[in-house]
Amino acid sequence: MGDNMLNGNLKLALQKNGRLTEKSLNLLKSCDIDIEEYSARLIVTARNYNLDILLLRDDDIPEYVMDGVADIGIVGEDVLYEKKANVDVVRKLGYGKCKLSLAIPESQTLEDLSELNGKRIATSFPNILKSYLTQNNINATVVEISGSVEIAPSLGVADYICDLVSTGNTLKFNKLKKSFDIFSSQAVLIANKNIENDPDKKSQLDNLLVRIDSALTARKSKYLMMNAPKNSLEKIESIIPSLKSPTILPLADPEMVAVHAVIPTNKFWEIYKDLKEAGASGILLLPIENMIV
Ligand code: ATP
Ligand code: MG
């Protein structure tokens with residue numbers, strides 16, 4: 001590590017190899033930050049930005065950021081709250097979404113939370129589970145297991161489990177079923193608390209945040225283009241869910257105009273039929289790479 005640690009660059013901790021790695025590197029790419037090949041290394045410097053990247057097990061990221069080994073980090077809220085690290089959550093990043101759920105044997109039912117009283121629940125998230133139980137006044141035993149939590153009920157170690165569930169296939173294989181969710185998680189950008197008092201680091205973080213915010217905003221939006229008869233313009237403008245009024249451009253045909261607008265991605269599939277019915281043609285939806293609002 002040596003030299004890298006002294007160069008004054010902002011230090012970002014990322015998961016080295018796991019579910020958040022590719023999406024985090026993609027986010028940096030959307031910020032126009034290029035990372036060199038890193039396969040066997042613990043620390044790399046961005047090619048075109050003053051940023052050092054520390055590649056770590058995700059479990060270690062909250063503590064490294066808390067201790068200042070890294071200035072900032074990207075980690076799942078599940079790991080962050082489990083580790084109870086005292087850091088600032090700077091941004092929710094919108095990826096790495098998953099749920100921590102309670103699962104019970106297929107043959108059983110669970111109608112009311114109070115039925116958890118007196119039960120043993122196996123989990124690798126003891127802190128999150130315990131605080132959930134406390135908040136709901138449940139007195140259950142939390143059995144901490146570091147991996148393969150699903151087998152605990154069949155081994156007789158626990159009655160139920162609390163684990164990250166994605167497809168439910170692992171549960172099914174172990175004759176378990178999901179009962180309810182106790183915690184929703186997504187990837188977050190965290191920062192060391194002392195950055196606020198370090199003007200140089202603070203300004204580096206603020207500069208990075210401009211790029212991250214622009215990339216995150218752009219992801220939620222698309223550039224919508226279409227041609228429309230002039231006489232249906234009013235109707236079409238009323239359909240477009242744009243924040244600002246759309247751009248109207250003349251076309252060679254004097255009766256027609258081009259309409260351009262930035263819209264929330266998820267709205268497009270609700271409005272394209274209405275647009276067509278109102279006379280729009282040649283509808284195009286284009287990705288936006290960056291967006292400063
Ligand atoms: P490491 O070797 O770094 O300790 P890990 O095996 O503990 O990795 P991963 O399985 O790679 O961790 O998961 C990393 C994070 O991704 C989790 O903490 C969670 O926030 C998120 N995650 C978990 N499951 C999913 C899923 N199915 N879809 C999206 N994100 C998920
Ligand atoms: Mg881990």
Side-chain angles (χ1 to χ4, degrees), residues 1 11-30 35 37-44 52-67 69-70 72-103 121-132 142-152 161-174 176-191 212 215-216 219-220 265-266:
M1 293 197 183
K11 287 168 187 46
L12 165 69
L14 285 191
Q15 188 184 24
K16 184 176 172 65
N17 186 7
R19 287 184 142 119
L20 299 181
T21 308
E22 196 188 340
K23 287 185 168 148
S24 300
L25 291 171
N26 280 343
L27 176 63
L28 292 179
K29 210 180 276 174
S30 313
I35 313 300
E37 198 44 53
Y38 67 86
S39 49
R41 302 172 55 187
L42 288 177
I43 185 160
V44 293
D52 292 343
I53 294 155
L54 280 67
L55 296 145
L56 304 167
R57 288 282 312 271
D58 70 344
D59 313 61
D60 298 331
I61 292 175
E63 195 172 314
Y64 275 29
V65 172
M66 181 166 84
D67 297 346
V69 177
I72 56 176
I74 294 179
V75 70
E77 289 173 302
D78 51 346
V79 172
L80 177 63
Y81 293 117
E82 185 55 35
K83 300 288 175 191
K84 295 183 167 176
N86 188 20
V87 295
D88 288 326
V89 175
V90 184
R91 288 292 183 278
K92 296 199 179 219
L93 299 174
Y95 59 84
K97 288 190 175 169
C98 58
K99 291 199 158 90
L100 197 54
S101 310
L102 192 96
I121 310 171
T123 188
S124 29
F125 294 89
N127 287 326
I128 293 179
L129 178 58
K130 277 178 198 161
S131 68
Y132 179 86
V142 173
V143 181
E144 183 176 349
I145 295 182
S146 61
S148 302
V149 170
E150 326 74 51
I151 61 169
I161 68 163
C162 169
D163 202 7
L164 292 174
V165 174
S166 38
T167 60
N169 284 340
T170 316
L171 290 183
K172 209 169 210 167
F173 186 78
N174 289 283
L176 298 171
K177 63 182 179 191
K178 186 172 118 167
S179 180
F180 58 90
D181 299 323
I182 74 157
F183 185 83
S184 294
S185 176
Q186 61 177 296
V188 287
L189 182 73
I190 57 174
I212 289 178
L216 294 177
R219 278 177 189 189
K220 290 187 217 140
T265 306
N266 56 2

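One-based numbering, in listed order, for ligands and for the atoms of each.
- Near L164, meaning under 4.0 Å from any of its heavy atoms, are these atoms of ligand 1: 23 (C).
- Of the polar atoms of N17, none of the N or O atoms is found under 3.5 Å from an N or O of ligand 1, judged by distance alone.
- Heavy-atom minimum distance, L176 versus E150: CD1-O, 3.5 Å.
- Counting non-hydrogen atoms of other residues, nucleotides and ligands closer than 6.0 Å to CG of N266 gives a total above 12.
- Considering all non-hydrogen atoms of both residues, Q15 and I61 come closest at N-CD1, 3.5 Å.
- Taking every non-hydrogen atom of G76 and a distance limit under 4.0 Å, the qualifying atoms of ligand 1 come out as 20 (O).
- Nearest to atom 8 (O) of ligand 1 among the protein's heavy atoms is Q15 NE2, 2.8 Å.
- C98 SG, 3.8 Å is the protein heavy atom nearest to atom 21 (C) of ligand 1.
- Closest protein heavy atom to atom 20 (O) of ligand 1: D78 OD1, 2.8 Å.
- For ligand 1, the polar-atom distance check against E77 finds no nitrogen or oxygen pair separated by under 3.5 Å.
- Here the N, O or S atom of D58 that is nearest to the Mg ion (ligand 2) is OD1.
- The minimum distance between the Mg ion (ligand 2) and any N, O or S atom of D59 involves atom OD1.
- For atom 24 (N) of ligand 1, the closest non-hydrogen atom on the protein side is R19 CD, 3.4 Å.
- Atoms of ligand 1 found under 4.0 Å from any heavy atom of V79 (numbered from 1 in listed order, with element): 18 (O).
- Per-atom contact check: atom 18 (O) of ligand 1 touches the protein, criterion being a heavy-atom distance below 4.0 Å.
- Of the protein's non-hydrogen atoms, D58 OD1, 3.2 Å is the one closest to atom 7 (O) of ligand 1.
- The contact set between ligand 1 and G18, taken as ligand atoms under 4.0 Å from a residue heavy atom, comprises 11 (O).
- The side-chain heavy atoms of K16 and L56, taken from C-beta on, include no pair separated by under 4.5 Å.
- Q186 contributes atom CD, which lies 11.0 Å from atom CG of L20 (distance to the nearest 0.5 angstrom).
- Proximity of L12 to I72: side-chain heavy atoms (C-beta onward) are separated by under 4.5 Å at one or more points.
- The nearest heavy-atom contact from the protein to atom 1 (P) of ligand 1 is R57 NE, 3.2 Å.
- Here the side chains of I161 and L171 are in contact, with some heavy-atom distance below 4.5 Å.
- Given atom 29 (C) of ligand 1, the protein heavy atom at minimum distance is K97 O, 3.3 Å.
- Protein heavy atom in closest approach to atom 27 (N) of ligand 1: S166 CB, 3.2 Å.
- Taking a 6.0 Å sphere around NZ of K99, one finds it holds 12 or fewer heavy atoms contributed by other residues, nucleotides or ligands.
- The shortest distance between side-chain heavy atoms of Y95 and L27 falls below 4.5 Å.
- Using a 4.5 Å heavy-atom cutoff, the side chains of I53 and L25 are not in contact.
- Between Y81 and F183, the two ring planes are perpendicular [angle over 60°; tilted spans 30° to 60°].
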